[in-house]
There are 2 protein chains.
Amino acid sequence: MTSIRKVAVESGLPAKTIRYYEDIGLVRPARSANGYRVFSPADVQKLSFLARARSLGFSIEDCRALLALYEDRSRASADVKRVAEHHLARIARKIAALQSMQATLTVLVERCHGDDRPDCPILDDLARHTSSGAA
Amino acid sequence: MTSIRKVAVESGLPAKTIRYYEDIGLVRPARSANGYRVFSPADVQKLSFLARARSLGFSIEDCRALLALYEDRSRASADVKRVAEHHLARIARKIAALQSMQATLTVLVERCHGDDRPDCPILDDLARHTSSGAA
DNA sequence: CTTGACCTTCCATTAACTGGAAGGTTTATA
DNA sequence: TATAAACCTTCCAGTTAATGGAAGGTCAAG
């Protein structure tokens with residue numbers, strides 16, 4: 001259970017991504033005589049941790065910080081919480097931005113008859129939102 | 001009203017971005033004798049169109065398509081609508097993914113006492129979501 | 001004639017991978 | 001034994017949509 005392919009299956013990360021994570025210093029698997037990577041159970045655990053953190057949208061740098069906290073038995077949970085709260089704030093901002101786009105676009109799409117005629121409220125909106133042609 | 005700096009103010013796009021848009025063929029401003037870009041009112045209109053489309057989250061390639069439709073007086077509004085609907089679908093998927101992360105993280109953050117003690121439900125979650133340690 | 005505000009091009013960097021080339025190793029099979 | 005399949009390795013390039021900065025040309029004012 002130590003070759004990269006097996007660890008990929010185990011952790012849910014593509015082998016390519018695992019190599020990338022080693023490149024950027026998130027994991028340091030050992031090497032066997034032939035140069036192949038050898039992953040310890042702790043390495044696999046780290047990679048699964050990373051997969052989960054990434055799936056929750058944490059950036060690689062957040063993951064690096066979370067991993068350090070994870071491995072620091074004397075961490076303060078406040079430090080972890082702070083990282084998560086910042087991330088939650090980012091998520092909330094992204095959702096708000098997307099919902100704003102969604103609202104605007106939904107209205108425009110509803111108004112567009114969508115047939116073979118050229119007049120189109122969507123293009124009208126895009127063209128109208130010009131400082132010069134504001135009215 | 002034709003220098004890049006003025007067009008930047010007018011369109012709301014950074015000068016750097018306008019040069020980039022020329023690079024990738026979205027606009028083709030004329031050049032004056034000294035090599036400076038000279039923007040026609042139509043160029044400015046195009047750039048404003050792009051700024052608006054980008055602000056609604058359309059990709060550059062979508063923008064390219066929308067701009068082509070905008071300039072095609074014999075377009076079918078159905079073609080525009082299709083692009084917008086695909087984009088709306090992408091937005092909806094992104095929102096759903098973010099909301100899922102938000103829900104999970106909110107629960108974890110609420111559970112984390114966030115003090116100087118090391119035990120932390122957030123790290124527990126990240127570490128627990130391992131195929132091996134599935135509980 | 002020089003300072004400052006413009007403008008130009010070109011190169012590097014960002015985030016987080018992903019694809020593919022070129023080549024070494026190991027295992028299975030004919 | 002030969003060789004092919006199925007692994008593994010490193011390294012380079014590309015993706016999105018810009019952004020930062022260096023090096024240098026131009027132009028109006030004082």
Side-chain angles (χ1 to χ4, degrees), chain A residues 1-39 43 46-47 49-67 86-87 90-91 93-94 97-98 101, chain B residues 1-39 43 46-47 49-67 86-87 90-91 93-94 97-98 101:
Chain A
M1 193 72 72
T2 60
S3 79
I4 197 165
R5 195 53 53 104
K6 285 175 184 160
V7 173
V9 171
E10 176 81 1
S11 67
L13 292 170
K16 205 92 192 186
T17 297
I18 295 173
R19 290 193 195 98
Y20 171 67
Y21 285 176
E22 181 185 9
D23 260 17
I24 61 174
L26 288 178
V27 277
R28 301 201 174 287
R31 297 292 180 130
S32 70
N34 60 12
Y36 287 15
R37 289 171 183 81
V38 179
F39 294 84
D43 289 328
K46 264 187 173 186
L47 287 165
F49 181 102
L50 289 168
R52 173 68 174 160
R54 289 290 297 132
S55 80
L56 289 176
F58 285 105
S59 72
I60 289 289
E61 287 317 303
D62 279 349
C63 288
R64 200 186 294 279
L66 290 171
L67 209 46
H86 281 163
H87 182 42
R90 276 194 301 269
I91 288 174
R93 279 195 300 274
K94 275 193 191 181
L98 287 168
M101 295 174 189
Chain B
M1 195 74 72
T2 60
S3 79
I4 196 165
R5 195 55 52 106
K6 284 174 186 162
V7 174
V9 171
E10 176 81 0
S11 67
L13 292 169
K16 204 91 193 190
T17 299
I18 296 173
R19 289 193 195 100
Y20 171 67
Y21 285 176
E22 181 184 11
D23 260 18
I24 62 175
L26 288 178
V27 278
R28 301 201 174 287
R31 297 291 179 132
S32 68
N34 59 14
Y36 288 16
R37 288 171 183 80
V38 178
F39 295 84
D43 290 328
K46 265 186 174 186
L47 287 165
F49 181 102
L50 288 168
R52 172 70 174 159
R54 289 290 298 130
S55 80
L56 289 175
F58 285 105
S59 71
I60 289 289
E61 286 318 303
D62 279 349
C63 288
R64 200 186 295 278
L66 290 170
L67 209 46
H86 282 163
H87 182 43
R90 275 195 303 267
I91 288 175
R93 279 195 301 274
K94 275 194 190 179
L98 287 168
M101 295 174 188

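Throughout, a chain's letter reflects where its sequence line sits, starting with A, and its residues are numbered from 1. What you see is a predicted model; the values in this text were computed from it and never measured.
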Handout entry: Which residues share a side-chain contact (heavy atoms from CB on, under 4.5 Å) with B/Ser32, sequence neighbours left out
Key = B/Asn34, B/Tyr36, B/Val38
Problem - Interatomic spacing from CZ in B/Arg64 to OG in B/Ser59 - rounded to 0.5 Å - result: 9.5 Å
Problem - Interatomic spacing from CZ in A/Arg31 to CD in A/Glu22 - rounded to 0.5 Å - result: 4.5 Å
Exercise for the section: Taking only the side-chain nitrogens and oxygens of A/Arg5, find out if one of them lies under 4.0 Å from OP1 or OP2 of D/dC8. Expected result: yes
Handout entry: Span of DNA chain C in contact with chain A (heavy atoms, under 4.0 Å)
Key = C/dA16 to C/dT26
Problem - Minimal non-hydrogen separation, A/Ser11 against A/Ala51, with atom names - result: O-CB, 3.5 Å
Practice task
Remember a base hit wins even if backbone is also touched, and classify A/Ile4 as base, sugar-phosphate or nothing at under 4.0 Å, heavy atoms.
Solution key: sugar-phosphate
Exercise for the section: Applying side chain to side chain contact (heavy atoms under 4.5 Å, CB included), run through A/Arg37 and A/Val27 and close with a yes or a no. Expected result: CA-CA 11 Å; A/Arg37 289 171 183 81; A/Val27 277; over 6 Å; no
Exercise for the section: Please check if the side chain of A/His87 supplies one atom and the backbone of A/Leu56 the other of a donor-acceptor pair under 3.5 Å. Expected result: yes
Return the polar atom pairs (N/O with N/O) between nucleotides 26-29 of chain D and the protein under 3.5 Å, or none.
from	atom 1	to	atom 2	distance (Å)
D/dT26	O4'	B/Tyr36	OH	3.2
D/dC27	OP1	B/Asn34	ND2	3.4

Fill in the blank from the handout: Smallest heavy-atom separation, A/Phe49 atom then A/Leu66 atom, equals CZ-O, 3.8 Å
Practice task
Describe, as an angle rounded to 10 degrees, how the axis at the first end of the helix from C/dC1-D/dG30 to C/dA30-D/dT1 is tilted relative to the axis at the last end, five pairs per end.
Solution key: 40°
Show the atom names and distances, to 0.1 Å, of all donor-acceptor pairs under 3.5 Å that link a side chain in residues 14-21 of chain A to residues at least two apart or in another chain.
none

Practice task
Pick base, sugar-phosphate or nothing for B/Arg19, based on heavy-atom distances below 4.0 Å to the nucleic acid.
Solution key: base
Fill in the blank from the handout: Rounded to the nearest 0.5 Å, the CD atom of A/Glu10 sits from the OG1 atom of A/Thr2 at a distance of 11.5 Å
Fill in the blank from the handout: When every non-hydrogen atom of B/Leu26 is compared with those of B/Leu67, the smallest separation belongs to O-CD2, 3.7 Å
Handout entry: Spatial distance of atom CD1 (A/Ile60) from atom CZ (A/Arg54) [nearest 0.5 Å]
Key = 4.5 Å
Completion exercise
So NE2 of A/His86 and CZ of A/Phe58: to nearest 0.5 Å the spacing works out to 11.5 Å
Fill in the blank from the handout: NZ of A/Lys46 to CZ of A/Arg28, rounded to nearest 0.5 Å, is 8.0 Å
Completion exercise
In 5'-to-3' order, the base (B), backbone-only (S) or no-contact (-) status of each nucleotide in nucleotides 14-19 of chain D, using a 4.0 angstrom heavy-atom cut-off, is ---BBB
